[in-house]
Amino acid sequence: MNSVLFVCLGNICRSPMAEAAMHEAAARHGLDLTIDSAGTGDWHIGRPPDTRAQAAALEQGNVDISQLRARQITNRDFLEYDLICALDHANLRDLRAMGGDGPAEISLLLDFLPGSEGHAVADPYYGSDADFVGCWRQLADATEALAQKLAMSA
Ligand code: 4NP
């Protein structure tokens with residue numbers, strides 16, 4: 001397993017936070033991984049993460065995600081990534097509809113977090129700053145669990 005892509009709807013809230021949290025987790029576990037994120041939708045292409053996501057990443061994870069820019073998932077991603085993690089069930093459905101033939105494994109991110117299997121990471125876009133903080137913490141736990149699993153099978 002060499003590469004992981006995180007996918008949400010807009011690529012400005014959940015998946016860029018997941019990307020950043022996974023970078024931290026991979027570094028802690030000594031994993032050499034290509035890590036990126038994308039959205040299923042095209043509304044925010046080229047935009048930086050939502051300022052509330054930037055603040056949560058900085059305050060909770062000490063990570064600056066202001067340089068990230070949203071992009072939309074492409075068919076190539078299904079060929080280039082070993083694992084594509086959907087943040088919620090709609091993302092998972094959209095990914096399966098798009099990429100059935102590629103070699104990428106497609107999963108819900110929270111399937112890797114013991115006790116949260118089958119659950120979605122709730123979209124904080126219409127929520128509060130506290131929802132973004134909660135989202136970061138959930139993503140930090142999930143990416144830590146994923147990195148642990150990848151480190152054990154490396
Ligand atoms: P994300 O959040 O999928 O976690 O990036 C959203 C961002 C934007 C919208 C919805 C969700 N939107 O409707 O514009």
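First listed ligand is number 1; within each ligand, the first listed atom is number 1.
Arg52 places a side-chain N or O within 3.5 Å of a backbone atom of Gly127 that can act as its donor or acceptor partner.
Nearest heavy-atom pair, His119 versus Leu110, reported as atom, atom and distance to 0.1 Å: O-CB, 3.4 Å.
From Met17, atom CE reaches atom OG of Ser37 across 11.0 Å, with rounding to the nearest 0.5 Å. Atom NE2 of His44 sits about 4.0 Å away from atom CD1 of Ile12, to the nearest 0.5 Å.
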For ligand 1, output the ligand-protein N/O contacts shorter than 3.5 angstrom; if there are none, return none.
{"residue": "ligand 1", "atom": "2 (O)", "partner": "Asp123", "partner atom": "OD1", "Å": "3.2"}
{"residue": "ligand 1", "atom": "3 (O)", "partner": "Leu9", "partner atom": "N", "Å": "2.9"}
{"residue": "ligand 1", "atom": "3 (O)", "partner": "Gly10", "partner atom": "N", "Å": "2.8"}
{"residue": "ligand 1", "atom": "3 (O)", "partner": "Arg14", "partner atom": "NH2", "Å": "2.9"}
{"residue": "ligand 1", "atom": "4 (O)", "partner": "Arg14", "partner atom": "N", "Å": "2.9"}
{"residue": "ligand 1", "atom": "4 (O)", "partner": "Arg14", "partner atom": "NE", "Å": "2.7"}
{"residue": "ligand 1", "atom": "5 (O)", "partner": "Gly10", "partner atom": "N", "Å": "3.4"}
{"residue": "ligand 1", "atom": "5 (O)", "partner": "Asn11", "partner atom": "N", "Å": "3.2"}
{"residue": "ligand 1", "atom": "5 (O)", "partner": "Ile12", "partner atom": "N", "Å": "3.1"}
{"residue": "ligand 1", "atom": "5 (O)", "partner": "Cys13", "partner atom": "N", "Å": "2.9"}
{"residue": "ligand 1", "atom": "14 (O)", "partner": "His44", "partner atom": "NE2", "Å": "2.8"}

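Between the side chains of Asn91 and Asp94, no donor-acceptor pair of N or O atoms lies under 3.5 Å.
Taking the side-chain hydrogen bond (donor to acceptor under 3.5 Å, both in side chains) definition, one finds that Thr51 meets it with nothing, sequence neighbours left out.
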